[in-house]
Amino acid sequence: RTKMKKILQDLSLEELEAELTAQGEKKFRAAQIYGGMLSGKTIEELPAVPNALKEKLLQTYENAPVSVEKVFYSSDGTEKYLFRLSDGNIIEGVLMKYKYGYTQCVSTQVGCRMGCRFCASTLNGLIRNLTAGEILSQILVVNALHKGDPDLPGSGKEKRAVTNVVLMGSGEPLDNYDNVVKFLRLLTSEKGLNVSARNISLSTCGVVPEMYRLANENIPLNLTVSLHATADEDRKRIMPVANKYSIAEILKACKNYFEKTGRRYYFEYTLIDGENCDEAHANALAKLLKGLPCHVNLIRLNEVKERTLKSVGDKNAYRFMGWLEKQGISATLRRQIGSDVGGACGQLRAGYLEENPL
Ligand code: SAH
C-alpha cells in the first residue's frame with residue numbers, strides 16, 4: 001500500500017479557489033481545474049492548465065483517486081464495476097440503464113463493519129471510510145466513460161449520463177456520516193454535478209441517531225431503511241445493528257424524516273427462505289407499516305457463497321408481495337438485473353480479491 005495524497009475531488013469549487021489563490025494562483029484557474037475534474041479528467045489530463053501548475057497539484061493531490069479496474073457487462077445493459085483506489089483498495093459499483101437516465105450505485109466504505117449475515121461487503125469487516133471525493137469520483141469516472149452515449153435521454157452540453165444515484169454499494173453510509181454528507185453536497189451543488197436530491201437514495205441498516213441528523217441537513221433525498229425482519233428478535237439474528245436500535249426506534253426516526261423533509265421513505269426487505277417470507281411475516285410487516293407514508297422494495301437475496309442463507313423463488317416472492325398489497329401496503333419486487341454477471345453487495349470485490357490478493 002502506498003500512502004495517499006490529498007483528494008482534489010474532496011473540494012468544492014469555493015474551497016479550490018481558496019486553496020489556489022492562497023498559493024498565488026489566479027482565481028480562474030480554479031474554475032478551469034474544477035471543470036476538467038467534473039468531466040472525469042485526471043490531473044495530468046486537465047485541459048488548458050499549464051504543466052507547471054499540474055506538477056504543483058500532483059505534489060499535493062492524487063492524480064486519479066478512482067480508476068476502473070474491471071467492468072462486467074450484462075446482457076441487459078447493466079454494468080458492474082470494480083474500481084481501484086489510489087492506495088490499492090478495491091470497491092465495487094453498478095450502473096443501471098433506464099429510459100429516464102442512468103442510475104449508479106456507489107460504495108461509501110471499503111468493506112463494512114455492520115456484520116449483516118446475508119451480505120458479502122462485511123465478510124472482512126471495515127477496511128476504511130471513503131472520502132467525499134472518492135465517492136464522487138466513482139460517478140465522474142462512469143460519466144466520462146458514457147459521455148455522448150446515443151441512448152442517453154435529454155440533450156445539451158451539460159448532459160451527463162448518471163442522473164440518479166443510490167448509496168447502496170458496499171459500506172454503511174451513515175457509519176461514514178461526515179464524508180457522505182459532504183459528498184451529497186458536492187453531488188447536488190449547482191456548480192458540481194447538480195444532481196437533484198430527489199434522484200438520490202441513501203440506504204441504511206438503521207443507524208438511528210444519524211437518521212435524525214440527516215433529516216436536518218436540508219438534503220431531501222430518498223431515505224431507505226434495510227428492515228428485512230418484522231420483529232427485533234428475528235432482526236437480531238440477521239443484522240447485529242438490531243441489538244443497538246429497535247424497529248420501533250427506526251420507525252420513529254423515519255416519521256421524523258418525513259416531518260422534516262416532506263419525503264416519504266422506503267424499506268428494503270430482502271426475502272430469505274425460511275427466515276422472513278411466510279404469510280405471518282407479511283401480515284406482521286403490514287401491521288407495522290399500515291398507514292405510513294412509505295413504500296416497500298422487496299429484494300431477492302443474492303446468495304453469498306460464504307453464507308448459508310438461501311433465496312426464495314419468483315413464485316414465493318410474488319406471493320409475498322401479493323399478501324402485502326392485499327393489506328394496502330405499497331410494494332415492488334425489485335427487478336433482478338445484471339444477475340448474469342454475478343451479484344454486487346460486495347460479492348464482486350470478494351470474488352476478485354480471492355483471485356487477486358492485494
Ligand atoms: N449499508 C446499507 C447499504 C447496503 S446495500 C444498508 O444496509 O442499507 C443495499 C441493500 O442490499 C441493503 O438493503 C442490504 O441489506 C441489501 N443486501 C446486502 N447483501 C445482499 C444480498 N446478498 N442479497 C440481497 N440484498 C442484499
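All values reported here derive from a predicted model rather than from experimental measurement. For ligands, and for the atoms within them, numbers begin at 1 and follow the listed sequence.
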(message) Any nitrogen or oxygen of F118, side chain or backbone, less than 3.5 Å from one on ligand 1?
(response) yes
(message) Give the atom numbers and elements of ligand 1 that come within less than 4.0 Å of a heavy atom of G171.
(response) 1 (N), 2 (C), 3 (C)
(message) Please work out, at 4.0 Å between heavy atoms, whether the side chain, the backbone, both, or neither of T204 comes within that distance of ligand 1.
(response) backbone
(request) Pull out every atom of ligand 1 sitting under 4.0 Å from any heavy atom of M168, numbered as shown with elements. (result) 5 (S), 9 (C)
(request) Between T270 and ligand 1, find which residue part has any heavy-atom pair under 4.0 Å and reply side chain, backbone, both or neither. (result) side chain
(message) Regarding R235 and D232, does a basic nitrogen lie under 4.0 Å from an acidic carboxylate oxygen?
(response) no
(request) List every atom of ligand 1 that sits less than 4.0 Å from any heavy atom of C205, numbering the atoms from 1 in the order shown and giving each element. (result) 6 (C), 7 (O), 8 (O)
(message) With a 4.0 Å cut-off on N to O distance, would you call R213 and E210 a salt bridge?
(response) yes
(message) Polar contacts were defined as any N/O atom of the residue lying under 3.5 Å from an N/O atom of the ligand; does this apply to R300 and ligand 1?
(response) no
(request) Would you mind checking if E275 and R117 are paired as a salt bridge, meaning a charged N to carboxylate O distance below 4.0 Å? (result) no
(request) Could you tell me whether A120 and ligand 1 have an N or O pair separated by under 3.5 Å? (result) no
(request) Can you sort out which atoms of ligand 1 are near V304, meaning under 4.0 Å from one of its heavy atoms? (result) 22 (N)
(message) Within this structure, what is the OH-CG distance for the pair Y269 and L324, rounded to the nearest 0.5 Å?
(response) 8.0 Å
(request) Scan side-chain atoms only and decide if S226 and E268 contain a donor-acceptor pair under the 3.5 Å cut-off. (result) yes
(request) Any atoms of ligand 1 less than 4.0 Å from a non-hydrogen atom of H228? List them with their elements. (result) 13 (O), 14 (C), 15 (O)
(message) Tell me the contacting part of E268 for ligand 1: side chain, backbone, both, or neither, using a 4.0 Å heavy-atom threshold, strictly below.
(response) side chain
(message) Any salt bridge linking E259 with K255? Criterion: basic side-chain nitrogen under 4.0 Å from a carboxylate oxygen.
(response) yes
(message) If the cut-off is 4.0 Å to any non-hydrogen atom of C119, which atoms of ligand 1 fall inside it?
(response) 18 (C), 19 (N)
